[in-house]
Amino acid sequence: MADRFDIAVIGAGHAGVEAALACARMGLKTLMLTLNLDSLALMPCNPSIGGTAKGHLVRELDALGGEMGLAIDDTFLQSRMLNTGKGPAVHSLRAQADKRAYQLRMRRAVDNQENLTLRQGECARILTQNGKVAGLTTTTGGQIDCQAVIIATGVYLKSRIITGECSVQGGPQGLMNATALPDSLKELGFELRRFKTGTPARLDGRTIDFSRMAPQAGDEPVVPFSFMTGRALQNQSMCYLTYTTPETHEIIRRNLHRAPMYSGGIHGTGARYCPSIEDKVVRFADKDRHPVFLEPEGKDTIEWYAQGLSTSMPEEVQREIYHSIPGLERAELMRLAYAIEYDCIDPTTLTLGFMAKEVPGLFFAGQINGTSGYEEAAAQGLYAGINAVQYVKGNEPFILTRADAYIGVLVDDLVTKGTDEPYRMMTSRAEYRLLLRQDNADLRLTEAGYKLGLVSPARYEKMLRKREDTRLALERLDQRWIPAGERLSALLARKGESPLEAGSVRQSDLLRRPSMKYNDLAELDEAFVPLSPEAAEQVEISLKYQGYLARQQQQTEKFRKSEQLRLPEDTDYMQLQGLRIEARQKLNAQRPANLGQAARIPGVSPGDIAVLLIYLEKRRREEATDE
């Protein structure tokens, strides 16, 4: 007899966990099926959350009611804000996690979630009826009936571990891989591709000479990832910085013929923005050193992670490489570095809601979509979970655009542009990044999460207070003035700002000066109204970047207009006169939802868009005549 659920999630990595939690929290009976219960929310590579642009994704995930931000705040070892020397658009949080504690924290969230069932097993086949998802079967003969399936299998589909000349069929860190599902996906019409990623060795911290490295302290005070973390957070560990040497590079060059990525042992496409150390040495031959960050894997383990030393070299070469680096001369390798190859799909076969265009009810999230990174996976998981629920309930899909969120940029890049290598989020991918900052993710997305049923009333009320406090403060600052005098002169001198010779200055204008902070007004205005740090930050950014923000707001309004021009689903692009052959083929294959998406498809020119505009106007007139 078959078990019955509303939705089944295949995989319990960062995408699977967020997808399953979202489905259950939105009220549907959900199953999460995983190869190994002990690998739930595993961090097989760097045990860290966030980073440049990735921190934005985590903040947005949290604003929508996801779990990752809360979990890392509960289990981090060290936290830093990156890119503080630049503007607020690119400020990004990054925290080193206690690897095991993070897993246990996520496991508790899953175990305690109503409507969610966790089960160990391997999916063998996706079942369909009348072309739509009807359930799945497992390799042990079980059957699950459901209306939607979310595939979040990470790097486990027919994965292969490569270390030098040694190649083993399996998943990360000695776990088994999934071999049955790829054949089922092929039967459903999916063309699978091979991607590759890798991870450094893990070192015995007792054999590392940290005195030869530069300490890397965390930031104080610690800025939390979650907008709901109200308590003070404390850094608990130190990280360290060292560098490769000319000797390191000579060892690598001498052994390049044994590197699988150069000898032909690796067939999958690797990540351009996360290269192995041998790739760095070849691609950046002019550099005589590369940074290596030593980061702890947890409070209760002696294992340390060597960020920057990802490699698939043979074991003896790995030891030689590591021992050539200052501080690692006697380091013992507890787990060897390796590369991993795996199957993934072409994400352009998905809708903007992450559902397969040809198989209604089948959703995909995470590295199977051709991405890399825990944060990208988690964001996709939440997004796919929301849309799977919308599908089952018969509602319109929940779509985030490039003007709404980094998640929208991620989705559009994958679905519209596609990717021919493991995709990584970067701030440069977001055209409207000054509006899509990590500090205002709650103001942008929490209301949507509340309407979906993912955000609690308490979280929603907290966002509304922040929004209202910011609005009132901006009004007040425009109406209050500070007279010239000794107190103002002393403050401006202390801040390195030019003096005000006479008259008075509007408080809002005073705050537009680069070094001025909202709380500086406390010593100038007896009627000063204190704000929360979060609201004060919004006030300062709103005033200092007012012109830039207004200009970008105008740009997003133009963008939204093109997104509102829907392209009829029944359009036969092959028959549209005026379109170039390449554009006809691309448009017919991807079937964009709107004119804006069509314009972003590689191979579709501005001239093709002009043809589509004429076609849309013709359709509009014909429909108006029929009415």
Please check if any side-chain donor atom of Asp145 sits under 3.5 Å from a side-chain acceptor atom of Gln143, or the reverse.
yes
On a heavy-atom basis, the closest approach of Arg444 and Asp404 is NH1-O, 3.0 Å
Out of the candidates Thr470, Asn440, Asp439, only one should pair with Gln538 under the side-chain hydrogen bond (donor to acceptor under 3.5 Å, both in side chains) rule; please name it.
Asp439
Please answer whether the main-chain N or O of Gln597 pairs with a side-chain N or O of Asn594 as donor and acceptor at a distance below 3.5 Å.
yes
Gln169 atom CD, over 12 foreign heavy atoms within 6.0 Å:
yes
State whether the side chain of Arg272 and the backbone N or O of Arg424 hold a donor-acceptor pair below 3.5 Å, judged by distance alone.
no
Quick check on Lys561: does its NZ atom have over 12 non-hydrogen neighbours (other residues, nucleotides or ligands) under 6.0 Å away?
no
Tell me, with the steps shown, if Leu549 and Leu434 meet side-chain contact (heavy atoms from CB on, under 4.5 Å).
CA-CA 7 Å; Leu549 290 167; Leu434 187 54; 3.7 Å; yes
Exam field: side chain Arg584 to backbone Leu576, donor-acceptor pair closer than 3.5 Å
yes
Measure the acute angle between the ring planes of Tyr383 and Phe398, then classify it against the limits of 30° and 60° as parallel, tilted or perpendicular.
tilted
Look at Asp413 together with Arg402 and state whether they make a salt bridge at an N to O cut-off of under 4.0 Å.
yes
Test salt bridge (charged side-chain N to carboxylate O under 4.0 Å, His left out) on Lys558 and Glu563; report intermediate values, then the result.
CA-CA 9 Å; Lys558 292 181 181 178; Glu563 300 295 295; over 6 Å; no
CZ of Phe195 to CG of Asn369, rounded to nearest 0.5 Å, is 10.5 Å
Backbone N/O of Lys86 and side chain of His91: donor-acceptor pair under 3.5 Å:
yes
Please walk me through it: do Leu31 and Val9 pass side-chain contact (heavy atoms from CB on, under 4.5 Å)?
CA-CA 6 Å; Leu31 170 70; Val9 178; over 6 Å; no
About how many Å separate CD1 of Ile162 and OG of Ser167, when rounded to the nearest 0.5 Å?
5.5 Å
Judged by atom type as modelled, is there a donor-acceptor pair below 3.5 Å linking the side chain of Arg459 to the main-chain atoms of Asp62?
yes
Can you tell me how far apart CG (Asp343) and CD1 (Ile368) are? Round to the nearest 0.5 Å.
8.5 Å
Salt-bridge contact Lys417-Asp412 (side-chain N to carboxylate O under 4.0 Å)
no
Over all atoms of both residues, closest heavy-atom pair of Arg193 and Asp346
NH2-CA, 3.5 Å
Over 12 non-hydrogen atoms of neighbours within 6.0 angstrom of CD in Glu569
no
Checking Tyr374 against Asn46: is there a side-chain donor and acceptor pair closer than 3.5 Å?
no
Salt bridge or not between Lys466 and Glu537? Use side-chain N to carboxylate O under 4.0 Å.
no
Under 3.5 Å, side chain of Asn83 to main-chain N/O of Val90, donor-acceptor pair present?
yes
Take Ile266 and Glu341 through the side-chain contact (heavy atoms from CB on, under 4.5 Å) test and state the conclusion after the steps.
CA-CA 8 Å; Ile266 291 176; Glu341 257 186 11; 3.5 Å; yes
In Å and rounded to the nearest 0.5 Å, what is the CD1 to OG1 distance from Ile340 to Thr199?
10.0 Å
Any idea how Tyr450 and Tyr460 line up, ring-wise: parallel (<30°), tilted (30 to 60°), or perpendicular (>60°)?
parallel
Does Glu358 pair with Arg591 as a salt bridge, N-O distance under 4.0 Å?
no
Hey, what do you get for CD (Gln380) to CG (Leu57), rounding to the nearest 0.5 Å?
9.0 Å
Side chains of Leu362 and Phe354, heavy atoms from C-beta outward: is any pair under 4.5 Å?
no
With distance as the sole criterion, is a donor-acceptor pair present between the side chains of Ser605 and Asp608 under 3.5 Å?
yes
Per the salt bridge (charged side-chain N to carboxylate O under 4.0 Å, His left out) rule, what does the pair list look like for residues 372-381, sequence neighbours excluded?
Lys54-Glu375, Lys54-Glu376
Looking only at the side chains, is there a donor atom on one of Asn115 and Thr30 sitting less than 3.5 Å from an acceptor on the other?
no
Determine all donor-acceptor pairs shorter than 3.5 Å in which one atom belongs to a side chain in residues 123-133; sequence neighbours excluded.
residue : atom : partner : partner atom : Å
Arg125  : NH1  : Glu187  : OE1          : 2.7
Arg125  : NH2  : Glu187  : OE1          : 3.2

Just wondering, are more than 12 heavy atoms of other shown residues or ligands nearer than 6.0 Å to CZ in Arg4?
no
Specify the closest pair of heavy atoms between Ala403 and Leu436, including all atoms of both residues, with the distance to one decimal.
O-CD2, 3.6 Å
Glu557 CD: over 12 foreign heavy atoms closer than 6.0 Å
yes
Give a yes or no on whether a salt bridge exists between Asp183 and Lys158, defined as a side-chain N under 4.0 angstrom from a carboxylate O.
yes
Lys/Arg N to Asp/Glu carboxylate O, Glu622 vs Arg619, below 4.0 Å
no
Would you indicate whether the side-chain heavy atoms of Asn395 and Val389 approach each other to under 4.5 Å?
no
Looking only at atom types and distance, does a side-chain atom of His14 sit under 3.5 Å from a main-chain N or O of Leu42, one as donor and one as acceptor?
yes
Locate the shortest heavy-atom distance separating Ser312 from Pro260; write the atom from each residue and the value.
O-CD, 3.2 Å
Could you give me the CA-CA distance, side-chain angles and deciding distance for Val359 and Phe190, then say whether side-chain contact (heavy atoms from CB on, under 4.5 Å) is met?
CA-CA 10 Å; Val359 189; Phe190 291 94; 4.3 Å; yes
CZ of Arg433 to CE of Met426, rounded to nearest 0.5 Å, is 11.0 Å
